[in-house]
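Below is one structure, written out as structure tokens; the observations come after it.
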Amino acid sequence: MDDKDAAVELEAVYTEMLQNNLEGLWRMTREVPEVKPYLWRWDVMSRLVNQAGSFLPMEELGERRAVFLFNPALKHLAGATQTLYAAIQMIQPGEVARAHRHTPSALRFIIEGEGAMMNVESEVVPVHVGDLVLTPNWLWHEHRNEGTEKVTWLDGLDTPFVFGLSAAVYEMHPDVYLPETKPRDITSAGNSQSLLRPVALEPDTAAPQHLVYRWTDVEPALDRLAATDTTSPYDGVAIEYAGPNNGHALRTMGCWMQMLRPAEHTAAHRHTHSSVYHVHRGSGHTVIDGQRFDWKQGDCFVIPSWAWHEHVNDADTPAYLFSMNDMPIMEAFDLQREEALNESGGHQEITSTFDPAKAAG
Ligand SMILES: [Fe+2]
Ligand SMILES: [Fe+2]
């Protein structure tokens with residue numbers, strides 16, 4: 001057989017492979033989507049959620065007036081990263097979302113507005129700006145706005161991960177709304193010291209499951225931590241919302257609050273876990289793989305897996321960064337790796353500045 005005949009015959013083999021859903025490993029191109037660093041501006045997110053919400057009553061939205069943040073590489077996965085979903089949700093006075101539960105775990109970080117109530121497993125908890133509420137896998141939950149102003153929060157879920165495992169199960173409550181069988185707000189009356197762990201310390205694996213973490217506990221805890229030497233060169237004054245799952249708030253997601261002191265500039269590092277950040281207060285910038293991302297209050301940004309990053313507070317007041325991450329998943333499968341940047345004094349060279357107008361679309 002000459003070379004030409006061999007090539008024709010091989011092409012026929014390849015064609016027949018594809019017809020039978022088979023492929024040669026040597027022909028495979030790498031098609032894993034590359035999660036990109038990205039930043040969403042608060043003024044844009046807030047305006048579009050409110051504009052869409054003014055046209056659409058809650059009933060037409062399946063009770064989900066939430067606009068999700070999709071990574072440019074992951075539109076069809078509805079993921080900010082390969083494991084983390086994030087959305088901005090707004091609820092009007094008087095609105096109620098019916099009780100349900102699901103295998104994806106969820107968190108809510110309150111951004112603005114007073115009057116929202118979360119009912120988790122029949123305990124009603126009023127929530128305020130800066131509070132974090134968890135709805136771990138399969139706990140019943142509903143929410144309502146009993147106040148007089150709209151309330152906006154950040155939703156975080158592990159749905160890209162759970163959908164990837166085809167393990168998402170969802171159920172509405174048979175009674176539509178949850179009974180209120182426990183005293184209001186009993187959970188958040190716990191000891192805040194046990195709720196909040198400096199990230200520089202080893203986790204306490206015996207920590208109980210908390211559902212609510214109050215900003216009024218977090219802010220003074222950060223101030224106390226700032227006065228100690230258990231701060232992190234990579235993360236500043238950083239606290240993890242502690243939980244029973246090997247020290248993380250949820251089995252699949254960890255939650256952090258970081259305070260960057262005025263002019264603080266952290267050292268660069270990278271790790272296999274990915275994170276979605278939300279700027280609770282302050283302004284500054286984060287350099288991700290050499291690209292500068294300027295942020296201010298309300299903005300959200302993504303640090304992909306294994307991307308170099310360092311944070312800078314550009315203001316003369318503290319900056320507070322809330323973040324969720326998939327560290328528990330990485331640890332569960334022994335995939336957690338972390339590396340410090342040793343060259344250039346531990347800082348990256350800035351090669352470009354992120355412009356949302358150019359990056360969109
Ligand atoms: Fe839910
Ligand atoms: Fe980091």
Side-chain angles (χ1 to χ4, degrees), residues 37 58 61-66 68 78 81 84-87 89 91 95-109 116-121 127 133-144 153-159 162-163 168-173 176-178 199-200 211 231-240 250 252-258 260 264-277 286-289 293 301-312 321-327 330-331 336-341 346-348:
M58 191 83 145
L61 297 166
E63 299 174 332
R64 295 182 295 180
R65 190 186 291 111
F68 66 85
T81 80
L84 300 168
Y85 161 101
Q89 177 156 182
I91 175 168
E95 288 181 338
V96 186
R98 291 168 297 170
H100 63 280
R101 63 183 177 182
H102 35 70
T103 50
S105 292
L107 63 90
R108 302 215 151 104
F109 184 83
M117 301 281 171
M118 306 285 173
N119 185 331
V120 184
E121 290 285 309
V127 289
V133 186
L134 306 177
T135 50
N137 181 338
W138 213 239
L139 294 196
W140 289 112
H141 56 282
E142 69 182 38
H143 58 258
R144 60 183 68 226
W153 61 66
L154 174 75
D155 281 323
L157 285 96
D158 54 13
T159 39
V162 177
F163 288 164
V169 180
Y170 182 98
E171 190 172 280
M172 295 300 289
H173 195 278
V176 184
Y177 298 114
L178 288 176
V199 300
L211 298 177
T231 59
S232 158
Y234 310 107
D235 295 297
V237 184
I239 272 175
E240 173 150 22
L250 294 160
T252 45
M253 290 186 286
C255 301
W256 289 25
M257 180 62 77
Q258 292 168 242
L260 301 175
E264 182 157 9
H265 185 165
T266 64
H269 75 160
R270 62 180 178 179
H271 35 67
T272 47
H273 67 268
S274 59
S275 307
V276 179
Y277 275 78
T286 296
V287 184
I288 309 173
D289 277 345
F293 291 77
F301 60 94
V302 162
I303 299 180
S305 300
W306 213 237
W308 294 111
H309 57 281
E310 60 198 88
H311 306 290
V312 185
L321 302 176
F322 171 79
S323 65
M324 58 178 120
N325 63 60
D326 55 9
M327 200 191 290
M330 297 303 173
E331 289 178 349
Q336 178 66 4
R337 295 288 182 277
E338 183 175 343
E339 191 172 275
L341 183 69
H347 295 301
Q348 303 161 79

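Computed from a prediction, not measured in an experiment: that's the story for all the values here. Both counts, for ligands and for their atoms, begin at 1 and track the order of listing. In what follows, every heavy atom counts, from backbone to side chain, and hydrogens, waters and symmetry copies are set aside.
Ring centroid separation for the pair F301 and F293 does not come in under the 6.0 Å cut-off.
Between Y85 and F68, the ring planes are tilted. Angles from 30° to 60° get that label.
In this structure, S274 and S305 have side chains that are in contact, with non-hydrogen atoms separated by less than 4.5 Å. In this structure, the side chains of T103 and W138 come closer than 4.5 Å at one or more pairs of heavy atoms. Residues L84 and S275 are not in side-chain contact: their nearest non-hydrogen atoms beyond the backbone lie 4.5 Å or more apart. Considering only heavy atoms from C-beta on, Y277 stays 4.5 Å or farther from T286 through its side chain.
For the side chain to side chain donor-acceptor pair (under 3.5 Å) test with H271, the passing option among E338, R337, H309, E339 is H309; the others fail. Considering H102, H173, E121 as possible partners of H141, the one that fulfils the side chain to side chain donor-acceptor pair (under 3.5 Å) test is H102.
Only protein N, O or S atoms were considered, and those under 2.8 Å from the Fe ion (ligand 1) are H100 NE2, H102 NE2, H141 NE2.
Nearest heavy-atom pair across A238 and Q258 is CB-CG, 3.7 Å.
Any protein N/O/S atom under 2.8 Å from the Fe ion (ligand 2) was counted, giving 3 altogether.
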